[in-house]
Every structure is written in structure tokens, then in C-alpha cells.
Amino acid sequence: MAEKRAQWGSRFGFILAASGSAIGLGNLWKFPYITYENNGGAFVIVYLVAILLVGAPIMVAEIVLGRRTRHNAVGAFRILGDGKPGGRAWMGVGMLGVIAGFVVLSYYSVIAGWTLRYIVMSVSGQLGELAQTPETLQTFFGNFLGNSWQQLLGHLLFMTATISVVILGVGKGIERAATILMPILFGILVLLVVYVMWTPGFSQAIAFIFKPNFSQLTAGAVLEALGHSFFTLSLGMGAMLTYGSYMRKSTSIPRAAMAICILDTMIAIMACIILFSIIFSFDIDVQKSSTILFTTLPVVFYKLPGGAVLCTLFYTLVAFAALTSTISLLEVVSSYAIDELGWARKKATLTMGVAIAVFGSLSALSMGGVESLSSINLIGRDSTAGIFGTLDYLASNWLLPVGGLFIALFTGWVLSSTDTRNELEEGHGPLRFYGLWRFLVRFAGPAAVGAIIVSVILGAEYQ
Ligand code: TRP
């Protein structure tokens, strides 16, 4: 069985696919708006530290679990837990991941569906008219959220695209999609960054992002940075584990993980540079920063020369970024059905994909117009009303951090040091930083995730 498992075509195939998973709405939407809300500078530094000390080591841990066993999230824990303390109970962690993948994909694809609507409207010119004033666009957006059919249509289209890629398999589907979409995504981003360098708000944006003011940093901001480092790197539910299970033994895990973290971070920062430059260029009053992407942005884009082109490019970029993420979410669930239930890929992907699409329709249909704006808060910590808000709260505050905690504990404390060292050195050579990595996985990771969980239990509010 192990011999038959699919593999990435090359080292870059893995890096592109895994970066595709990591780079998504979290980078283009969530990161800019939490950076904005937390006053930039110091928050960005805390975020970078969180990526380096918590995110990156746990990413390495997930990939190790996957490549060592060449199995899906549940299978990996079944194999590695065997004969160790806790034994088969560890499979529960994998199962939690599969459930999280199911839940996150079901609502992530609803938001991703909005980008399709915006692409169509940019091309047709309708967006240009709506974006004349912030108020008209705001009203449109509220009505759009309340329009069940349009919500459903976008969601189902996006799920169809996701299923179509995953059904083709690891090489012909996932890797090929990433190889095509990621360079385009990167190209569009660079274009937009070059464009905003000439806008008057650029230098203010750079100062906002990079000039730290630690007196403005709150405890809530630190926790938010930590939580986001998890979400943005696709950690805590076996996505990196699953992609790692298709990795060649000749590829270096630490180097690949570094590349993914650097790419993910670069793109998050670039998104901030683009958004803040154009927002600071105009005297725009950002009322609800969590919907910046869909309400404020078009207004400013259309004030600039070539607004229609900029908008089309931008929403295409967001759609592509979201697609490579939804692919990875579905692959976690599909690979579980393939390995553990013995289903063929086609049956697994179709059955699970359709089930997720149906389940996600609940979120699409419950987007109750303008009021639900407050619940749009990926990995937000408010327990909010509505199915969408509840699922998001459940997944981001419970499933992902708890999953991440157990992944770190399992890798750091249950697996033997020889096992993890052998896997890490395969394809890499002797490791200099092994001790540091192990220390971070055993202590820093669990402590950080523990802090997030405790803060959620105590109901710590941000800001
Ligand atoms: N990382 C993606 C983003 O930033 C979201 C995502 C995709 C994800 N797969 C995941 C998050 C797995 C957690 C787990 O948008």
C-alpha cells in the first residue's frame, strides 16, 4: 500500500501545493484587517515571532507525521500511536482534524463564492457604478448577503471547482492547480504592489506596518497573533500532515517548511501594503474593518486610474488563493475516506464534497443580510449568532487550537526522539537545529496553544 501512494512530482510541487493551502483568505482578508485593528507595527512583530517560534515548528511536526506514515490524518495517528501511551485514542486527534476540515470548508467556500460575484461585477462594470460612494456599496453588500440564491450559487460553484480539482488526484489535480494558480497569484500581487508604490498613501502604509509602537500592544492582540499564525499556516487539523504524506523522502522537511512560512508571510505583508496604501491615499472612514475587502476596497480602487482592471485582477487573485486552500481542506477529508474507508478517490471526493456542499448551504442560506456582518470574522473570538458564525467560532476557537495542541504534544512527548530525528534528517542531512525544534514543539507550542484555549474558556475579549 505504501508503495502505491501518490507523490508530488517534485520538491517544488510540494512547496507550491502547501503554500497554496496556507495562502488564502487568511492572508488577503483576515491578516490586513486584524493588523489594522491592532494598530500595525508591534502587532506585526508579534505575529512574525509567533510564526517563527510556534507556527513553523508545528508545521514541521505535522509534515513529519504525514511523511513518516504516508497516511491521512486518522491513519497517521493510528500507525504512530500503536504501542505508545494513549495508543489508538490518538486517532481521535486525526478524526478531529477531518471533522474540522469538513466544517471549515463548508463556510470558507461561502466567502470564497463572494469573490466570484465580485469578479463578474468588475467585468460587467456594475461594480464601478456601485462603488461610486461607500454607502451604495455597503447597501448592496448587505442585500447580497441576504440574497439566499446568490449566496448558494457562489458557494456551489466554488465547491464544484474544488471537487473538480481534488477528484483528479494529487499530481494531475492538486499539484497542477497549484503550479498554475500560485505563479499567477504571485504575479498579480507583485503588479498591485508596484502599482500602489506610486499612490500617496504608500509611505504611510509602510510606516503603519513596520514601525512598532509597543505601548499600543494589548494582551488580546498577542493572543490574536498567535491564533492567526495557526490559521494562516493551515495548522491544527492535518492539512499539512496530509500533504506531507505525499512528500518524497528526498525532500528536506525543514527547508520546505521554511519556504512555506516565508512565502505565506510575504504574501500577508504584501496584502497589507496594497490595502493600506490605497486606504491611506484617501480620506476613507473604515467603519467595519472585517469587510474591508468587499465594501471599502472597490470604492478606493475605482478612484484610481484603471479601477475596473484593478478590481478584476484583485478578486481573481482572492479567488485563486481561496481555491488552493479549499482544495487542501477537501483533500484532508477525501484522503481519510480513501485510506481508512477504502473508497476510490472518485467516490471519496464526490461523496464528501457533495456532503460538505450541502452542509455549507446552511451557512449560505443563513447569511441574514447586513446584521450578519458582525459574525464575519474568520477565527474571530466572538461567539456570534447564525450557523456561519457558530461554525466559525467552533472551528477556529476549538477544533484548530485543540488539534494543534495534541499534534505538538504527540510529536514532542509520545514519539521517540530517534524517530522524529530520522524522519527529519532524511532528505536533509544532519540537522543542527534539531534540539531547538524539539524544545519548541515540546514547550513553546503547547504553552502558546494552551494560552489560546484558556483565553477562550475565560472568554477573554479582544481589544
Ligand atoms: N490557511 C488558509 C488561509 O489562510 C486557510 C486554511 C486552508 C486552513 N486549509 C486549512 C486553515 C487548514 C486551517 C487548517 O486562508
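In listed order, ligands and their atoms are each counted from 1. Bear in mind the structure is a predicted one, so any value in this text is a computation, not a measurement.
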Notebook entry, point to check: Do any nitrogen or oxygen atoms of Met237 lie less than 3.5 angstrom from nitrogen or oxygen atoms of ligand 1?
Noted result: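 N/O-N/O distance under 3.5 Å: no.
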
Check: Would you say Ala22 and ligand 1 have an N/O pair spaced under 3.5 Å apart?
Finding: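 In this structure, Ala22 places an N or O atom under 3.5 Å from an N or O of ligand 1.
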
Next item on the list: With Ile452 as reference, evaluate Ile457, Val54, Leu226 under the side-chain contact (heavy atoms from CB on, under 4.5 Å) test and give the passing residue.
Entry: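 It is Leu226, the one option of Ile457, Val54, Leu226 that forms the side-chain contact (heavy atoms from CB on, under 4.5 Å) with Ile452.
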
Note to self: So, applying side-chain contact (heavy atoms from CB on, under 4.5 Å) with Leu189, which one of Leu317, Ile273, Val194 is it?
What the structure shows: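 Only one of Leu317, Ile273, Val194 forms a side-chain contact (heavy atoms from CB on, under 4.5 Å) with Leu189, namely Leu317.
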
Next item on the list: Please determine, by modelled atom types, if Glu175 and Tyr243 share a side-chain donor-acceptor pair under 3.5 angstrom.
Entry: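 Not at all, the side chains of Glu175 and Tyr243 share no donor-acceptor pair under 3.5 Å.
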
Check: Is there a donor-acceptor contact under 3.5 Å linking the side chains of Asn27 and Thr232?
Finding: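 Distance-only check passes for Asn27 and Thr232.
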
Taking 4.0 Å as the limit for heavy-atom contacts, which would you say applies to [X] with ligand 1: side chain only, backbone only, both, or neither?
X: Ser328; answer: side chain
X: Tyr108; answer: side chain
X: Val104; answer: neither

Next item on the list: Check each of Ser234, Gly404, Ala112, Ala239 against atom 6 (C) of ligand 1 and report the one with the nearest heavy atom.
Entry: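 Answer by nearest heavy atom: Ser234.
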
Note to self: Given Phe231, Phe31, Trp29, identify the one with the heavy atom nearest to atom 1 (N) of ligand 1.
What the structure shows: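 It is Phe231 whose heavy atom sits nearest to atom 1 (N) of ligand 1.
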
Checklist line | Arg345 bridged to Glu331 by N-O distance under 4.0 Å | finding: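 A salt bridge is present here (some side-chain N lies under 4.0 Å from a carboxylate O).
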
Next item on the list: Check each atom of ligand 1 against the heavy atoms of Leu400 and keep those under 4.0 Å away; list them by number with element.
Entry: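 Near Leu400, meaning under 4.0 Å from one of its heavy atoms, ligand 1 has 13 (C).
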
Margin query: Closer than 4.0 Å to some heavy atom of Leu25 - which atoms of ligand 1 meet that?
Written below: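 Here the atoms of ligand 1 in question are 15 (O).
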
Notebook entry, point to check: Got a sec, which residues hit salt bridge (Lys or Arg N to Asp or Glu O under 4.0 Å) with Arg438, two or more places apart in sequence or on another chain?
Noted result: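 Arg438 satisfies salt bridge (Lys or Arg N to Asp or Glu O under 4.0 Å) with no residue once adjacent residues are dropped.
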
Notebook entry, point to check: Within a strict 4.5 Å, meaning less than it, do heavy atoms of the Trp114 and Val318 side chains meet?
Noted result: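 In short, these two side chains do not touch, never coming nearer than 4.5 Å.
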
